[in-house]
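Per chain, numbering begins at 1; letters A, B, ... match sequence-line order. These values consider heavy atoms only, across backbone and side chains, with no hydrogens, waters or symmetry-generated copies.
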There are 2 protein chains.
Amino acid sequence: MSNKRSAINLGSRRDEAGMAANGRDEAIYRNLYAAIVENYLAPGTKLPEDTLAETFGVSRTSIRKVLQRLAYQRLVDIRLNRGASVAQPTVKEAQDVFAARRIVECGVMPQVVARATPAQLDALRDIVKREHDAADRGDRRESIYLSGEFHVQLARLADNESIGEFLAGLVSRSSLVIATYGAPMAGSCPHSEHDDVLSLIAAGDAEGAQAWMDRHLRDVERSVVPVEEEVGEADLRKILDAVATRHRRER
Amino acid sequence: MSNKRSAINLGSRRDEAGMAANGRDEAIYRNLYAAIVENYLAPGTKLPEDTLAETFGVSRTSIRKVLQRLAYQRLVDIRLNRGASVAQPTVKEAQDVFAARRIVECGVMPQVVARATPAQLDALRDIVKREHDAADRGDRRESIYLSGEFHVQLARLADNESIGEFLAGLVSRSSLVIATYGAPMAGSCPHSEHDDVLSLIAAGDAEGAQAWMDRHLRDVERSVVPVEEEVGEADLRKILDAVATRHRRER
DNA sequence: TAGAACTCGTTTGTGCACAATTCAACTGTT
DNA sequence: AACAGTTGAATTGTGCACAAACGAGTTCTA
């Protein structure tokens, strides 16, 4: 019996743009994307082409295309002749991502306040509600997902596709940052005061909404990337210290 | 004699990140990128894989990779089973690009003002000088390139790689917008008052620099995308009118 | 026994061949 | 003469096979 055809489920939909992508490739992309962003695959996990090809029941050609797309989004890291692995953001990258989010999410606020309709705000309130529900029942994964979704959908109210896509990329990378550095407890937005900003927007207070978002994102960043130290270095030093100790003891 | 080996020149360098990229692929990418952004290839130009493969003396496999990378940047448009062509931004896309630039380039100003060193400002002044030289001798292509380079390098002073790459993409798409809609005369920044913002930055005036940039980008946008009308529709109507006229006359 | 060089298995890079699709021109019918 | 259906060349999509590179384990040497 062949070991093919163990294909995972296949979601349809498509929101890509300008890229050639048939349905099957798109489904594979979405699966891998979700697996990485929702932290089913830990940062650093190797992603061998053969394994993926067999898992999804396609040839390496399709897998390669998907991996390169993910690499372009900085969700996977492809090194020459060494294949792909789930990206591990450095501390600097993590800081850059959050700084970029502050610029973008605060920058769109005037447009958002000017254009947001009551119906759109209701849709956002629904996301917040589901986010709270997920948090209440301890579903951290769903809670983080909905938290990110809130930020993305909020920004999309500015009706700017370039900005929307860019922020979506930043939010997905934030998930990787949380997976890499985040404390096991913390995760989504603290106490998730997302409702507050909706009130400010509904009141037409653009500056207030901007200030709220800036503070909110700084809070999130602080709760996720608390340490200033370079992790790779720290590990290396720790290892070398351990080796030296053992060596000293054993002689 | 074979028709291979007519390879165009090959620039070295590399500034990509996180992507696997062989030196040769990188050279091909840079060539195509420059050809599109510097308007050697008009928007809408078809880019057949075979032709490109023979031109660069490689197989279609490499070309495909490069085309998909360019598609991701929205510089080429790939449609299923129909191949790639140089992207033709719609009016909405053009507006989004400039709106995004306003958000980003104004948003980085505080960081830029806080971090910029005299040496870095001198390097920017040099770009402005070369931009003026190019404009004086009527080299529109170089002048546009240096104008974009100024904006990108200025933003990079904020030392945020995510933002830097995003803006670089927006600027390259701006070139496509200019090529698609721009008046043959207009092009780079009007009168290129780029020196002015450097003075504001040197003086530590973040708010002034922000205001300058906002005004500047609005000016550029107005000089490039003046018409509000939907071009595709207008063309279609024009064509149908012409057909109807001819038809009427010929019967 | 420590260290260096070598070999082999595994994984990735690349070109090629065949299948599928599109677009255009042609033919036949009304 | 207009239109629909069909055929064929050109172009893209996809899988496969071979070449190249990496890394781990082994062997050889000092």
Please state whether the phosphate of [N], meaning OP1 or OP2, lies under 4.0 angstrom from any side-chain nitrogen or oxygen of [X].
X        : N       : result
Lys46(B) : dT11(D) : no
Arg82(A) : dG23(D) : yes
Lys65(B) : dG13(C) : no
Thr61(B) : dT14(C) : no

Whole angstroms only, please: what is the [atom1]-[atom2] distance between [X] and [N]?
X        : N       : atom1 : atom2 : answer
Asp25(A) : dG13(D) : CG    : P     : 10 Å
Asp50(A) : dT11(C) : CG    : P     : 7 Å
Glu54(A) : dG15(D) : CD    : C1'   : 14 Å
Arg60(B) : dA10(D) : CZ    : P     : 15 Å
Arg24(A) : dG15(D) : CZ    : C1'   : 10 Å
Ile78(B) : dT22(C) : CD1   : C1'   : 16 Å
Ile63(A) : dT14(D) : CD1   : P     : 12 Å
Leu47(B) : dA10(D) : CG    : P     : 20 Å

What's the closest nucleotide to the side chain of [X] if the choices are [options]?
X        : options                   : answer
Ser62(A) : dG13(C), dG15(D), dG13(D) : dG15(D)
Glu49(A) : dT14(D), dT12(C), dG15(C) : dT12(C)
Asn81(B) : dG13(C), dT14(D), dT21(C) : dT21(C)

Any chance the side chains of [X] and [Y] put a donor and an acceptor closer than 3.5 Å?
X         : Y         : value
Ser162(B) : Arg101(A) : no
Arg24(A)  : Ser62(A)  : no
Ser85(A)  : Arg79(A)  : no

- Item | Salt-bridge contact Glu26(A)-Arg69(A) (side-chain N to carboxylate O under 4.0 Å) | yes

- Task: Over 60° means perpendicular and under 30° means parallel, so classify the ring planes of Tyr72(B) and Tyr72(A), tilted if in between.
- Result: tilted

